[in-house]
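Scroll down for the structure; my scribbles are underneath it.
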Amino acid sequence: MAFRKLSLTEPVLKALAHEGYSTPTPIQQQAIPLVLQGKDLLGCAQTGTGKTAAFAIPILELLQAQKPLKPGIKVLILTPTRELAIQIDESFAAYGRYAGIRHTVIFGGVSQHNQVNDLRRGTDVLIATPGRLLDLIGQGFIRLDQLQIFVLDEADRMLDMGFIHDVKKVIAKLPEKRQTLFFSATMPPEIQKLAAVLLKHPAKVEVTPPSSTVDKIEQRLCHVAKKEKPELLLHLLGNPEIRTTLVFTRTKHGADKVVKILQRNKVRAAAIHGNKSQNARQAALADFKNGTLRVLVATDIAARGIDIDELSHVINFDLPDVPETYVHRIGRTGRAGNAGIAISFASADEKEELRDIQKLIGKNIPVITDHPFTENAHVMAPPPGERTARPSSRQKQGDRPQNNNRGHNNRQPNRQQPVKKAHSPAQPKPAAHQHQSQPKSQQPQRLTLEQWEEEERW
Ligand code: AMP
């Protein structure tokens with residue numbers, strides 16, 4: 001299907017051609033006609049599916065049809081993070097290149113001066129994060145009485161980030177008569193409740209639920225002791241095929257630590273997370289996009305919505321607590337039809353997270369066995385009842401002798417060596433053979449207290 005079939009006008013078609021888009025993505029195919037008809041929309045879709053264009057394109061069309069436009073903000077797009085807000089604004093700039101629709105973005109963490117100046121010049125579309133929006137409404141710089149369309153983007157993330165009260169305050173300021181577009185990657189009960197408050201007889205569009213959107217991404221798992229994760233990361237980065245990689249850590253502190261280690265080893269890296277200033281985050285993102293940085297280390301909230309075309313790898317340095325987050329993370333790669341590779345590090349204390357992730361995605365992540373750090377990995381036993389479904393875990397459990405002497409001076413990894421199996425699933429050896437070749441007493445079963453403590457130090 002071509003964009004032309006969606007009855008779009010020439011300025012928008014020309015801009016899409018300029019972007020190199022030839023075919024609408026599934027969410028665009030479904031959502032664009034519904035929004036053009038003026039319907040409320042409940043969209044279950046995550047970033048990476050083309051969701052931004054799915055609302056930006058019909059909004060541009062609806063506004064164009066009203067030309068000459070009356071003054072006032074006609075469209076409000078509320079989004080949880082500054083990065084997302086900027087990206088949505090960039091999308092309006094790109095798809096609206098020939099449309100002559102004014103758009104402005106406002107977000108916190110920077111001076112309001114330029115934003116207020118932009119607002120004074122007048123805007124048709126306002127893209128905002130909740131705090132700054134309420135702030136500027138409070139100061140009298142923003143009025144929403146001319147509003148026609150309200151878009152709530154990433155509603156689940158908005159709630160996760162504790163913006164529910166701000167969102168409610170914004171909703172209270174919207175005109176009753178309006179079109180509302182509501183997007184969320186997941187639809188837990190509290191999101192459904194919020195949707196019920198906001199939407200009137202919505203049309204529902206759902207693209208590939210989170211667990212299946214990742215099918216095109218090659219996923220790999222490395223069992224590794226927690227304290228050896230930095231070395232494993234450095235080892236993987238010895239592979240020049242990893243041109244750019246986004247590395248996810250669970251904590252801000254962890255992100256900073258990883259960056260320090262990488263920089264010490266001459267890897268161009270920076271971190272983005274909530275403790276970094278807006279300018280530092282923007283600079284890191286820009287350097288990563290233009291190739292100055294090879295590695296961007298991020299926490300989940302900071303990375304949400306980061307839109308980097310041609311990101312070749314995502315590395316989960318830590319597994320996320322919430323399994324859906326795994327899907328969001330690895331969805332940063334493999335975008336818009338590009339191939340992507342996601343490598344996850346799993347230490348012994350992350351077995352529950354791993355189990356939940358594999359349950360969500362409905363498969364076991366193929367294990368890379370030929371990295372130098374498997375020895376101390378303390379591979380987890382598969383959950384009861386799933387033994388036959390987890391050949392890789394079982395194979396690994398019998399695969400390595402336990403090394404109680406946790407030093408590894410005798411096996412310095414060669415960082416120049418590419419990781420052989422990073423691009424193809426590790427082939428499990430027959431489990432029977434593994435168990436025969438390994439005396440039972442040497443099979444790692446659980447960590448000793450000392451080992452736990454040692455790992456916790458990381
Ligand atoms: P989003 O889900 O809005 O974050 O978009 C994900 C990525 O897909 C962005 O890099 C867009 O530029 C790109 N994209 C969106 N729509 C299309 C399309 N129809 N064809 C190709 N790429 C697209």
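Ligands are counted one by one from 1 in listed order, and the atoms in each one are counted from 1 as well.
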Interfacing atoms of ligand 1 (cut-off 4.0 Å, heavy-atom, Thr49): 2 (O)

NZ or CZ of Lys14 within 45° of Tyr98 ring axis and under 6.0 Å: yes

Test: Arg268 and Asp287 ion pair at under 4.0 Å: no

Partner residues of Gln37 under the side-chain hydrogen bond (donor to acceptor under 3.5 Å, both in side chains) criterion, sequence neighbours left out: Lys39

Polar atom proximity, Gly50 to ligand 1 (N or O, under 3.5 Å): yes

Gln28 and ligand 1 - part of the residue with a heavy-atom distance under 4.0 Å: side chain

Ligand 1 atoms in contact with Phe3 (distance to a heavy atom under 4.0 Å): 19 (N)

Lys/Arg N to Asp/Glu carboxylate O, Lys51 vs Asp153, below 4.0 Å: yes

For Thr23, atoms of ligand 1 separated by under 4.0 Å from a heavy atom: 18 (C), 19 (N), 20 (N)

Non-neighbouring partners of Phe55 that pass ring-ring contact (aromatic ring centres under 6.0 Å, His included), sequence neighbours left out: Phe183

Per-residue contact class, Leu16 against ligand 1 - non-hydrogen pairs under 4.0 Å: neither

